[in-house]
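Letters go in sequence order (proteins before strands), and every chain restarts at 1.
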Amino acid sequence: MMRLDIDMALVDRARWAASRIGDGIQPTIDAYTTTSIERCVLRLLGVNGVDENDVPLPNIIVDQAQASGLLEDGIAYWIGSAMLHEGASLPEVIARLSSGKLSLDKVRPQDREGVEQTIQHEANRVCANITQLRLEREQLITELNSTVPPYLYIIVATGNIYEDVIQAKAAAKCGADIIAVIRSTGQSLLDYVPYGPTTEGFGGTYATQANFRIMREALDEASRECGRYIRLVNYCSGLCMPEIAAMGALERLDMMLNDAMYGILFRNINMLRTFIDQHFSRMINAYAGVIINTGEDNYLTTADAYEEAHTVLASQFINEALALRSGLEAGQIGLGHAYEMDPDITDGFLYELAQAEMARIIFPDAPLKYMPPTKHMTGNIFKGHLMDAMFNLAGVISGQTIQLLGILTEHVHTPHLQDRYLAIENAKYIMNNARHLREEISYKKGGIMEKRANEVLAKATSMLEQVADISLMSAIEEGMFASIKRERTGGRGLDGVIRKSERYYNPFPEIFMKEITSCNFSPVLWGDEVKG
Amino acid sequence: MMRLDIDMALVDRARWAASRIGDGIQPTIDAYTTTSIERCVLRLLGVNGVDENDVPLPNIIVDQAQASGLLEDGIAYWIGSAMLHEGASLPEVIARLSSGKLSLDKVRPQDREGVEQTIQHEANRVCANITQLRLEREQLITELNSTVPPYLYIIVATGNIYEDVIQAKAAAKCGADIIAVIRSTGQSLLDYVPYGPTTEGFGGTYATQANFRIMREALDEASRECGRYIRLVNYCSGLCMPEIAAMGALERLDMMLNDAMYGILFRNINMLRTFIDQHFSRMINAYAGVIINTGEDNYLTTADAYEEAHTVLASQFINEALALRSGLEAGQIGLGHAYEMDPDITDGFLYELAQAEMARIIFPDAPLKYMPPTKHMTGNIFKGHLMDAMFNLAGVISGQTIQLLGILTEHVHTPHLQDRYLAIENAKYIMNNARHLREEISYKKGGIMEKRANEVLAKATSMLEQVADISLMSAIEEGMFASIKRERTGGRGLDGVIRKSERYYNPFPEIFMKEITSCNFSPVLWGDEVKG
Amino acid sequence: MDVNMTRIRPYGDTLDDGYMQLSFTLPVPLSAEARKAAEILAEKMGLEDVKVVYAHSIADSFSFFVVYGRCIHSVDMTAIDIPKVDADFMSYEEINEFIEKRIGRKIVVVAACTGTDAHTVGIDAIINMKGYRGEYGLERYPWFVTYNLGSQVPNEDLVAKAIQVDADAILVSQVVTQRNIHIDNLTHLAELVEAEGIRDRVLLIVGGPRISHELAIELGYDAGFGPGTLPSHVGSFIAQALERSIRNRAEAKGAYPCQMNP
Amino acid sequence: MDVNMTRIRPYGDTLDDGYMQLSFTLPVPLSAEARKAAEILAEKMGLEDVKVVYAHSIADSFSFFVVYGRCIHSVDMTAIDIPKVDADFMSYEEINEFIEKRIGRKIVVVAACTGTDAHTVGIDAIINMKGYRGEYGLERYPWFVTYNLGSQVPNEDLVAKAIQVDADAILVSQVVTQRNIHIDNLTHLAELVEAEGIRDRVLLIVGGPRISHELAIELGYDAGFGPGTLPSHVGSFIAQALERSIRNRAEAKGAYPCQMNP
Ligand code: B12
Ligand code: B12
Ligand SMILES: Cc1ncc(COP(=O)(O)O)c(C=O)c1O
Ligand SMILES: Cc1ncc(COP(=O)(O)O)c(C=O)c1O
């Protein structure tokens, strides 16, 4: 029996419109590459490190290649050529490029077939590595995971990776299932990924491969101590989406904040750049068995959650359509939504619950990620704690998968140790005390909630159909999302978008998509309990 | 449609058993009077004040009468005789008795009919007074009341009536609908009522007529300022039940804690004394349009709320049966229950909600009084605040009438000003945010809640049938309530129980019951909103 | 209630009882000694009758405490003298009328959230059409011309814009306050304005959840606005302050006519 | 984490940052001055970087505040030396065996909630059959004989009962602590026991939610038990303390044989 009577014909229409939106943008995505994708290819092939000015080697090599007009062929093509040309192994070529002994513009372009053969081999090795890590995760999950959803997701944000480790382990011991290391302010606008362990982030900690590794190790330790697999999350977002996806794949991150439009709308990153980058980054996530978390909550930090609820739903449909096109399984698409209505709305809890139930019904296999109240949190930590409790109640009643815990000091500071403890205590108390309420209640036919859900659905559907008609990029130009207008040629990062040449070569999409679309890929994302 | 499918045949059986219990005890009640009833008669007739040793005049006169063996005839008979004998007015006789110029044992017993005529007249005047106050309340309610239930009930307990006034007014301004002045520890065991305004209570403030008046005046003022009729509650309990009922009637209190068995079980007051006193005190409450609050929550402060839930229900049935026998309308019988389960029970919220819904269904017209978590409150004020929120949610979902607000510092101290503000904020937020959830949801047939409710009902029914078979007093002797055994001749106050003589006279029961049972008595207890 | 304003103390349930609630975490495992440490700490802060009412171990190496006690300190309210925004609050209509009649031209304001701060909701609430809590933003006022530059704007750009459009007021929003970044950023902005030599021509106004007028004055601003500010509050201040400064400048002109015609 | 035990400070999210949370009410109407007063008060308590993050008017004449700040005080944990209940905790079986083997006779205890206190749940948890948190109460122990007198028992009655049954231990519970009534009542009980000349024959034990062993010792008791006490804790202490005192008395006898046969 359906918990809320949702108009499924409308759902089909909305999904169809989203699919048309995806089809509309896909040819454009396929026609281009970006500097960040090419840097990512380098990273996957083993390029790492920084020069004496702390400039990452992938940037140095790709910038040179771009300056020499080589990038349209794909960096892989030129690396392959260099290997053949120099008769050297990949590590050797990388070493020579890194030390400046070799420059790609000095390399003679080689026969495409030969290049493919050479690089393919290397790419397969890297991919086998990633598969190995995925299997490692799956084994740990099968071995350890024993809690039931909603999974408790908690953030750490000290700016110092070593302090973060202390906070993260403490949170795990208190009962957190998922740890997100919040990223330093402004990193999304950097067109490179910082290097090495960092201790001086601002409002968050830099996303670096070393930091990923340090935290993953700490959480593996915590997982064993707690007898629960503790998941690690970071931000696969901003100008370096693909590279961060690669870093995550190589360091066994479990989830990634990764939204198709967030960068465009909220960080003023060029739309072309974003659409191209998100596609490739999502292929990596798909292949690595990573769950993505989309960022629909962001709409509600500026817009009113009651009035603009349909934009969240519309964005969920678009994120789903694009994610499927990158090979993500339904179970990997952690669509976002948020509990952000003004707490003083009469029956506000009913509207929130309606929205949450609706998302659950429309995206039955998605590990929905539910974001807590933030905007209406004030310095009244006591009322804030109650708002978080009602959010937790809505989460357990509507059967959310990932519950990002609200923190009573949301208005005040990034969470202190005790704030996190109280947040976890809150969630555990509420979710245990009302554990099976979901199975116990049903909603009134034609009641407040059903009406509300169908209204939101109808609005989202007509919005999606409009977007499909004029194309996604035009819709964004017209300010149809979050009332924010972005020009096609505006925003940061357009200079990193390059039209592919005929001989463009990148070995990874093929490998990723082959494995993904073959039946034997279906990553173990949670333990058995989720189904139960 | 019934919200929970409760076995109504069992409900009928339980109610029938409770009625048999009432019938069993009633002849005993009718055969006796008590010193406190006679003191109450004196108070109603206008005797007030204390002697130089602070001994209240009603006590002095009744003690003398008892010593002289006059009490079996009823103090009214002797007062009447004195009036006739002395040829004096009631005030004169009182003045002479008070000043010691007249002693009742010196009075010659007069013809019963003459006495009746004389006293009847005076009694009618007093009763007209009380009726007047009742109408005054009804008018204020009609004029002012505009909130909807659950009504927010808050306690003040400074020990000083003047501080209490500050706290009570502040609470009213924050949104409280009902103010209870908690009584000083140990007052229930005093066999007299203290006199005058008091400032030195302990864990609460003495219940005196002056204190009643001071607080009622303050709340009338607050009512006007807030545009809401603010109700006043005190304790009609302990060795002076009838007198306090009279004081409340004369000072326009709106509610009274008044339980048929509380004194026996929890204060070790003699059972005969208690049953007799509760009956007369309830007649006064009925006539004054006062809502009584029974004390079933007390069972759960010592017993486990999950295991002993049926004892609460059983007691509710008994309190109802006895209350109806005193002329209380269903709408005046504020049966108590409580949210006292261990917060760490899985699905505890479902069990609490089942209990609350069950009470609502079984006693559809009772203004149920719902007591908050107390026993499992710890010094963790943050978790405590959440427990209170879940209690508030259960209250609004199950449609309780009177919600005694939980306080986050329950484990720590009697409420501070800010604790009360936070408690009211908590209730207002939850109840507004989930205002119509009650109408929106229904419960699973044969689900956890329905099963639980019917189990509790079945246990209560069989308990009541057992009690009815052996009689209430024997059941108490056998420890069937709260696992506490009390002997028929044990406990305090048996020395104040007197078998009535043939010529026993008390004008009030007849007046009260006549008016009550006539159709035109149906006090306005709430505004129109309650029905809605 | 007979409150002595020179010795205000916290109120629990009786005047001057001093009751307050504390919560904090100590980086030590929970033990009787840790509890005692919590008690001693509260005593050092000037609490009497300290009750550690809750103690809970967090992850074995931290201990969380909830504490109640009576504070022995008091505050002399009569000695508190803090600067207040110098304006009579007017309504939308009144503000427009005031500007029309007393200034006679449109007021130009530039606004931004500067530095690394990307929290635009606050400044948007003041500036944008849509406004806040049912009130229109300044953009909607016929007698205001507004430029809202958005988020993460360099202070330099904001000042340049102000010069370019000859702004009467610069409005800056600062929400992130970690490690006092807002203080640094606001100081930097004030210095820039000074360096550009436009300080006497513009009103310098700051707002944000942790901003007080007192802080703004300390930092050399003309006004500071905290949580709950409405567009009309800001509009009233700008109109009145501008009128005052125009008047002052005119008077100054009158006083030194020779300077005007050298 | 490199914690300096001689200078423990509160922990927010970095070692020694000193962060703590306060809430309190001032008996003044809400105003900018009242906010400032809250800030000053927190500063007087030794907080730096004080943030008044929430201020709310209660009934026009009170103001409620939530405050965060960094505490400058620290505590020397190495200097804390508080008395601890001197016993190795044993299980039900171990306690019974201990008494059987080392004392060889049943231990007699009398218990009550004395004075005006009517909160029996705590003492019942320790004494009654049913026990607490899955543990039996002392009544259930074959090697204990218990008398639980219930609530609101006059101290005199408790002591009289102890003498009458020749008790080895007196257990008193105190829950209500308003105006320190428990201190008065416990002092009174200790004096009575002294006056009756049985102090050296009985263990005097107190418990309750606000009782610490430290406080108990100060008041002249042998032990104090706080929240979360289990019957076996108390049983262990009584058995071991009694065994010690019997041994001491025996040794004392041995040491002064002449005194025994004067
Ligand atoms: C919405 C929000 C966001 C949105 C912002 C969207 C947007 N376009 O603004 C998003 C999701 C992008 C975001 C991101 C981040 N945020 Co943020 N965010 C919030 C949140 C939830 C609400 C802020 C808000 O909109 N308030 C509502 C407005 C109306 O209130 P206001 O700003 O106080 O404005 C009023 C007054 O102050 C005044 N006012 C404000 N400005 C001005 C200016 C003038 C001239 C005048 C006159 C008046 C005025 O008038 C307004 C109306 O009354 C707060 C938490 C909270 N509940 O407060 C955290 C919060 C502000 N964020 C925080 C942080 C740390 C971040 C991040 C750095 C986290 C990260 N590492 O990724 C990022 C990066 C952002 C950045 N670079 O600055 C912290 C700041 C901690 C601190 N004190 O330093 C907070 C407190 C959350 C937390 N507890 O960690 N955030
Ligand atoms: C249940 C209860 C009642 C019940 C008591 C029933 C009963 N038969 O005991 C009733 C409803 C009757 C009641 C009444 C009152 N109560 Co009351 N009550 C409570 C409540 C909710 C729980 C107490 C409890 O049972 N705790 C559970 C037990 C197991 O814990 P415990 O007592 O700490 O015991 C453990 C340890 O301390 C230790 N221990 C305890 N005693 C002993 C003794 C020995 C020898 C040993 C070794 C160990 C030991 O072992 C136990 C197990 O671990 C508390 C609030 C709260 N949540 O704490 C208020 C509370 C204690 N009550 C309070 C008050 C003020 C009253 C009244 C005075 C109110 C009034 N004016 O009417 C009355 C009068 C009672 C009186 N004369 O004493 C206040 C006390 C404030 C203070 N600190 O002074 C409290 C804190 C509530 C409040 N915030 O106002 N109460
Ligand atoms: C999808 C996504 N990416 C990134 C971020 C973080 O912001 P920034 O762009 O500052 O890293 C968010 C914020 O919530 C997000 O939702
Ligand atoms: C019916 C009833 N009377 C009285 C009281 C108060 O206790 P006391 O007997 O100490 O006045 C209660 C306590 O909750 C109660 O429920």
How long is the gap from CZ on A/Phe349 to CE on B/Met431, to the nearest 0.5 Å? 14.5 Å

Heavy-atom nearest pair, A/Ala389 first then B/Leu386, reads CB-CD2, 3.7 Å

Approximate separation, where rounding is to 0.5 Å, of B/His385 NE2 and A/His385 NE2: 9.0 Å

A/Met387, part contacting chain B, at a heavy-atom distance under 4.5 Å: both

Are B/Ile381 and A/Phe382 close enough, and set up right, to give a side-chain contact (heavy atoms from CB on, under 4.5 Å), and what steps lead you there? CA-CA 9 Å; B/Ile381 55 173; A/Phe382 297 99; 4.1 Å; yes

Rounded to the nearest 0.5 Å, how far apart are OH of A/Tyr429 and CG of B/Asn380? 11.5 Å

Working to the nearest 0.5 Å, report the span between CZ of A/Arg438 and NZ of B/Lys444. 11.5 Å

Below 4.5 Å from any heavy atom of chain B, which atoms of A/Glu440 appear? Answer side chain, backbone, both or neither. both

Hydrogens and angles aside, do B/Glu352 and A/Asn433 bring a side-chain donor and acceptor to less than 3.5 Å of each other? no

Looking at A/Asp388, A/Leu353, A/Leu437, which one has more heavy-atom pairs under 4.5 Å with chain B than the rest? A/Leu437

Can you tell me how far apart NZ (B/Lys428) and NZ (A/Lys383) are? Round to the nearest 0.5 Å. 9.5 Å

For chain B, which candidate among A/Leu422, A/Thr346, A/Ile441, A/Leu393 shows the most heavy-atom pairs at distances under 4.5 Å? A/Thr346

Nearest non-hydrogen partners of A/Ile448 and B/His436, listed with the distance: CD1-CB, 4.0 Å

Would you name the heavy atoms of A/Met390 and B/Ile430 that are closest together and state the gap between them? SD-CD1, 3.6 Å

Closer than 3.5 angstrom, by distance alone: can the side chain of B/Asp347 be matched with the main-chain N or O of A/Arg435 as a donor-acceptor pair? yes

